[in-house]
Amino acid sequence: MRGKPVQVCILLLFILLLVNCGKPADSSEAVSENNADISQKSSSSPEDNKYSDKKSEKKEIFGVWKLDKVVLKSDMVDGTSKEALVIDEEDYLGYEVEYTSEFFRLGQDKYPNPIYNIEYRTASSYNDGGRYKLPDFFGFINDSDIVVDGKSEYGQYWSELPLKVYDITFTEEHFIPVGTQIVVLNDDTILVGIWGKIILAHRVNE
């Protein structure tokens, strides 16, 4: 009779070992599932969301634009002289620029695989960085009838208005004189350039 309790104990220990041996496999599956969740969550990290936002935002400049006229000049630019600059932006007045997901076009020249990088600069930062002669950026906007998106919300403090600035790069190296740096004023009006001679451009409705 004494042997039965011992046998029962041994049997219970054996059952416990079987149960415990099964747990690592379960926990490893849980870890795998957790890793899968982490992997899925990492695909929607803030940086990825930022990139997704960029992809949606960049569509606002897709299309054809006409380079109208020079409206701002940095203080080192003397008239229309080419002495201070390697290029003269005024040579491209009247040209069309086109922005798409597949290419950027300046006149007849196409450049494939553009990458649209976006940042925000305050109106004050944009003005100061360009070191514009008078009329500066503020004078130009105040003297024109151009509506700058968001300006009315800032009122007299619109120098703090965040302007959307595009810097367009490419997977291959190109020399592109005009059109790769843009400041968005509204859906139909942009400034082309952030230093030198700044060109006002309007959207061409096709």
Side-chain angles (χ1 to χ4, degrees), residues 54 57-100 103-151 158-170 172-204:
K54 287 181 180 180
E57 287 178 333
K58 73 188 180 187
K59 294 179 182 178
E60 68 186 353
I61 65 165
F62 279 7
V64 180
W65 302 76
K66 183 75 170 291
L67 303 181
D68 292 331
K69 60 181 179 179
V70 172
V71 293
L72 297 171
K73 293 180 182 180
S74 296
D75 59 9
M76 290 184 65
V77 179
D78 181 17
T80 59
S81 171
K82 299 183 182 180
E83 296 177 359
L85 298 172
V86 176
I87 61 168
D88 189 343
E89 292 89 340
E90 290 194 49
D91 291 342
Y92 298 91
L93 296 181
Y95 276 54
E96 287 185 350
V97 291
E98 183 176 4
Y99 303 96
T100 75
F103 64 85
F104 162 71
R105 177 174 65 86
L106 172 60
Q108 300 299 317
D109 298 324
K110 288 185 178 182
Y111 305 90
N113 304 318
I115 302 169
Y116 295 88
N117 306 290
I118 298 174
E119 66 173 320
Y120 288 86
R121 300 186 187 181
T122 64
S124 178
S125 175
Y126 175 70
N127 185 67
D128 293 345
R131 298 173 61 186
Y132 301 120
K133 299 177 180 179
L134 296 177
D136 60 6
F137 175 65
F138 296 110
F140 160 65
I141 294 298
N142 289 332
D143 293 341
S144 72
D145 58 357
I146 296 173
V147 176
V148 180
D149 286 344
K151 179 176 177 289
W158 78 275
S159 62
E160 298 305 312
L161 171 69
L163 300 172
K164 188 180 295 183
V165 180
Y166 283 85
D167 182 22
I168 303 168
T169 57
F170 298 83
E172 297 181 6
E173 189 171 345
H174 303 285
F175 174 73
I176 303 175
V178 171
T180 58
Q181 293 175 312
I182 305 165
V183 178
V184 177
L185 300 182
N186 57 57
D187 288 342
D188 297 313
T189 313
I190 58 175
L191 293 177
V192 179
I194 60 173
W195 192 89
K197 296 180 180 180
I198 309 304
I199 299 174
L200 181 70
H202 73 273
R203 186 185 296 276
V204 176

Please name all residues satisfying salt bridge (Lys or Arg N to Asp or Glu O under 4.0 Å) with Asp149, sequence neighbours left out, ordered by chain then number.
none
Using ring centroids (six-membered ring only for Trp), state whether Tyr99 and Phe62 fall under 6.0 Å.
no
Closest heavy-atom pair and its distance - Pro114, Phe104:
CG-N, 4.2 Å
What is the distance from atom OH of Tyr111 to atom NE2 of His174, rounded to the nearest 0.5 Å?
8.0 Å
Rounded at 0.5 Å granularity, tell me how far CG in Asp136 sits from CG in Asn127.
4.0 Å
Residues Ile194 and Val165: closest non-hydrogen pair is CG2-CG1, 4.3 Å
Picking from Thr100, Val97, Val204, what satisfies side chain to side chain contact (heavy atoms under 4.5 Å, CB included) with Val64?
Val204
Would you find a donor on one side and an acceptor on the other, under 3.5 Å apart, between the side chain of Arg105 and the backbone of Gly107?
yes
Rounded to the nearest 0.5 Å, the CG atom of Asn186 sits from the NE2 atom of His202 at a distance of 12.0 Å
For the atom pair CG (Leu191) and CD1 (Ile146), what is the distance rounded to the nearest 0.5 Å?
7.0 Å
So Trp158 and Phe138, would you call those rings parallel, tilted or perpendicular, with 30° and 60° as cut-offs?
perpendicular
Report the C-alpha distance between Val148 and Leu163 in whole Å, list the side-chain angles of each, state the deciding distance to 0.1 Å, and finish with yes or no for side chain to side chain contact (heavy atoms under 4.5 Å, CB included).
CA-CA 9 Å; Val148 180; Leu163 300 172; 4.2 Å; yes
More than 12 non-hydrogen atoms from neighbouring residues, nucleotides or ligands closer than 6.0 Å to CD on Gln108, yes or no?
no
Least distance between heavy atoms, Gly94 atom then Lys66 atom
O-CE, 3.0 Å
What are the two closest heavy atoms between Gly193 and Val183, and how far apart are they?
O-CG2, 4.3 Å
Closest non-hydrogen contact found for Phe137 with Leu72 is N-CD2, 3.7 Å
Taking Asp167's backbone N and O only, do any of them form a donor-acceptor pair with Asn117's side chain (distance below 3.5 Å, no angle check)?
yes
Sub-4.5 Å side-chain heavy-atom contact between Lys197 and Tyr92:
no
Could you walk me through whether Trp65 and Ile182 pass the side chain to side chain contact (heavy atoms under 4.5 Å, CB included) check?
CA-CA 12 Å; Trp65 302 76; Ile182 305 165; over 6 Å; no
Hey, does Ile61 have a side-chain heavy atom less than 4.5 Å from the side chain of Tyr116?
yes
At their closest point, which heavy atom of Lys133 faces which heavy atom of Ser74, and how far apart are they?
CE-O, 3.6 Å
Can you establish whether the number of heavy atoms outside Phe170 located under 6.0 Å from its atom CZ is more than 12?
yes
Exam field: side chain Thr122 to backbone Glu160, donor-acceptor pair closer than 3.5 Å
no
CG/Asp91 to CG/Leu67 distance, rounded to the nearest 0.5 angstrom?
12.0 Å
Is the backbone N or O of Pro162 less than 3.5 Å from a side-chain atom of Tyr126, with the two atoms forming a donor-acceptor pair by type?
no
What's the separation between atom CH2 in Trp195 and atom CD in Glu89, rounded to the nearest 0.5 Å?
8.5 Å
